[in-house]
Amino acid sequence: MTPTPPSSTPSTDEPLRDLQAASDLLKALAAPVRLGIVRELSQGKKYVHELVTALGVSQPLVSQHLRVLRNSRIVTTRRQAREIQYCLNDDHIAHIVLDAIRHAQE
């Protein structure tokens, strides 16, 4: 029996993995507060208290949503003394969110 040569085409699982990754990203963004956080961070780095003020929601709620965004690697953190500064890990996310908001306003 002759072994089958390796294929140079991607496995059939690869497109499904890509779709799953995209689905996971969209799930992580699928909350109004998280969209608001990304919109605010698209303008630059922010501290939690700045996000609370900008979004008009409680600090525990902002922190809960930031945890989801951090776990999804959408935002990164940097400690500054006693505060944590948040920023977007990738500008592409900002484009997705800002485009979705603009589309919803049409």
Which residues pass the side chain to side chain donor-acceptor pair (under 3.5 Å) test with Gln59, not counting sequence neighbours? Ser63

Under 4.5 Å between any side-chain heavy atoms of Leu25 and Ile74, yes or no? yes

Residue pairs involving residues 15-41 (criterion ring pair (Phe, Tyr, Trp, His ring centres under 6.0 Å); sequence neighbours excluded): none

Using a 3.5 Å cut-off and no angle test, enumerate the donor-acceptor pairs between side-chain atoms of residues 26-47 and protein atoms at least two apart in sequence or in another chain.
from	atom 1	to	atom 2	distance (Å)
Arg34	NE	Ala28	O	2.6
Arg34	NH1	His65	ND1	3.1
Ser42	OG	Arg39	O	2.5

Common cluster, Val68/Val57, ILVMFWY with side-chain heavy-atom separation under 4.5 Å: no

Set of residues satisfying side chain to side chain donor-acceptor pair (under 3.5 Å) with respect to Arg67, sequence neighbours excluded: none

Quick one: list whatever passes side chain to side chain donor-acceptor pair (under 3.5 Å) with Arg82, sequence neighbours left out. none

Would you mind reporting whether Val75 and Leu88 have side-chain heavy atoms less than 4.5 Å apart? yes

Measuring from atom CD of Glu50 to atom CG of Leu55, what distance do you get when rounded to the nearest 0.5 angstrom? 11.5 Å

Those residues that, when tested against Gln20, pass side chain to side chain donor-acceptor pair (under 3.5 Å) (two or more places apart): Asp24

Restricting to pairs with a member in residues 70-79, which pass side-chain hydrogen bond (donor to acceptor under 3.5 Å, both in side chains), not counting sequence neighbours? Arg70-Tyr86, Arg78-Gln80

Please tabulate, for side-chain N and O atoms in residues 92-106, each donor-acceptor pair with protein atoms closer than 3.5 Å (sequence neighbours left out).
from	atom 1	to	atom 2	distance (Å)
His92	ND1	Asp90	OD1	2.7
Asp99	OD1	Arg102	NH2	3.1

Side chain of Ser23, backbone of Leu19: donor and acceptor closer than 3.5 Å? no

